[in-house]
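Excluded from the calculations below are hydrogen atoms, water molecules and symmetry mates; all remaining heavy atoms, backbone and side chain alike, are included. Chain A is the first sequence line, chain B the second, and so forth, proteins listed ahead of strands; every chain is numbered from 1.
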Number of protein chains: 2
Amino acid sequence: MQYSKSTDYALHALLHLGQSDRHNNVGIKELSVTLGVSESYLSKIMSKLRQDGIVRAVPGVNGGYELARPAEEITFLDVIQVIEGRQHLFECSNSNSQQHQLLAEAGDVPQEHERPKKIGCLVEKVMDGAEQHLHQYLREHTIQWVMDEAFKRCNHEVNKK
Amino acid sequence: MQYSKSTDYALHALLHLGQSDRHNNVGIKELSVTLGVSESYLSKIMSKLRQDGIVRAVPGVNGGYELARPAEEITFLDVIQVIEGRQHLFECSNSNSQQHQLLAEAGDVPQEHERPKKIGCLVEKVMDGAEQHLHQYLREHTIQWVMDEAFKRCNHEVNKK
DNA sequence: TAAATATGGACCCATGATGTCCATGATAAA
DNA sequence: TTTATCATGGACATCATGGGTCCATATTTA
């Protein structure tokens, strides 16, 4: 269970756009050279980012990509969800199995007018909780955060001299 | 990006072992019927859990599986790592690309005796932080926690009557 | 118009998840 | 000791997905 390379490419591409001098969009060629990945493949990824309103794209001569909104408003979670999809980290495959009947058995009120019970898998509940924590952290970190952090490190390095 | 079905099966199987009357191990047949999955496949999963010391297995007549330690000492993280492996959630595929050189460029001290710099990808750093939060939550939730929660719900249901 | 650029569809390949089948080995009951 | 029961592990089979290429098309600027 790992995030795909596409997510890697997407995040690094956005960082590059964030650093490039503003009002100058960056072509797919420059991006692909910088990241070390083919233009064809990177195009697909950038296209997804555009469809989701993370970047803007202009075709034609001197075209390219630029961030569609400020880097501090692009979170890691935004990017990950565009690339990886919005499915949950975990889905119980048999919510109506014997397993779950047993879990609810003791306090069960049998057939109190046929309602489907809607118990909800407790395993899933834990996993959903974990996912919420993961997402919260990813929401708190933006493209801008990485650039700021890099800048701070540079200063620190300079001061050491 | 999703946890596999095997993780699902493993967690539910352990719950079953946790609930079954103690000092009685449970055969693969009973487990497979309860979870609604084939014996063959579930065997593979149980075997992994055994190799990692989560469950014990005894062959022969009246054999089967039982928890190798108390249910409150089996965390979700334990189980997930056995099934999914211990690889990181994210690995930067090009830590020495031009991208990272640029990030470190401004404050760079060129060739101060050829050390490889060991910068470390900041994207990876964020992702590792996220992973730590995820793991912390999964460490705090055990098989026993789920059983306790199920018990509490039963009582609540009974009290409502 | 021509060159540069993004877009999207069709396709390919390797890998891993999911699952089956079978031979083997260990154990307890008869 | 024999036999039925049970776990183990290897060899496959199948299918979905990630990762990637190639090409035809549309759009824009010089």
Quiz item: Can you name the residues that form a side chain to side chain donor-acceptor pair (under 3.5 Å) with B:Asp148, not counting sequence neighbours?
Solution: B:Gln144

Practice problem: Let me know the distance between CG of B:Asn25 and C1' of D:dA7, rounded to the nearest Å. | Solution: 11 Å

Exercise. Could you check how far NZ of B:Lys29 sits from C1' of D:dA7, rounded to whole Å?
Key: 13 Å

Self-check item: Qualifying salt bridge (Lys or Arg N to Asp or Glu O under 4.0 Å) pairs, either residue in residues 45-55 of chain A, two or more places apart
Solution: A:Asp52-A:Arg86

Self-check item: Whole angstrom value for the distance that separates P of C:dT20 from CG of B:Leu42
Solution: 11 Å

Quiz item: With B:His133, which residues qualify under side chain to side chain donor-acceptor pair (under 3.5 Å), at least two apart?
Solution: none

Quiz item: B:Arg139: what forms a salt bridge (charged side-chain N to carboxylate O under 4.0 Å, His left out) with it, not counting sequence neighbours?
Solution: none

Quiz item: Over how many whole Å does the gap from A:Ile45 atom CD1 to C:dG8 atom C1' extend?
Solution: 15 Å

Quiz item: Among residues 47-54 of chain A, which contact DNA chain C at a heavy-atom distance under 4.0 Å?
Solution: A:Ser47, A:Arg50, A:Gln51

Practice problem: Calculate the interatomic distance between B:Ile28 atom CD1 and C:dT27 atom C1'; express it in whole Å. | Solution: 17 Å

Practice problem: Spell out, as yes or no, whether a donor-acceptor pair under 3.5 Å connects the side chain of A:His141 to the backbone of A:Tyr137. | Solution: yes

Exercise. Mind checking side-chain contact (heavy atoms from CB on, under 4.5 Å) for B:Pro70 and listing every partner two or more places apart, or none if nothing turns up?
Key: B:Glu72, B:Glu73

Quiz item: For A:Glu30 and C:dT5, what is the distance between atoms CD and P respectively, to the nearest whole Å?
Solution: 11 Å

Quiz prompt | Test side-chain contact (heavy atoms from CB on, under 4.5 Å) applied to A:Ser4 - qualifying residues, sequence neighbours left out | solution = A:Ser6, A:Thr7, A:Ile83, A:Glu84

Practice problem: Quick one, give me the B/S/- string for nucleotides 17-30 of chain D, reading 5' to 3', where B means a protein heavy atom under 4.0 Å from the base and S means that only happens at the primed atoms, P, OP1 or OP2. | Solution: --BBBB----BBBS

Self-check item: Nucleotide C:dA17, atom P - distance to CD of A:Gln2 in whole Å
Solution: 11 Å

Quiz item: Which salt bridge (Lys or Arg N to Asp or Glu O under 4.0 Å) pairs, counting each pair once, include a residue from residues 27-39 of chain B, with sequence neighbours left out?
Solution: none

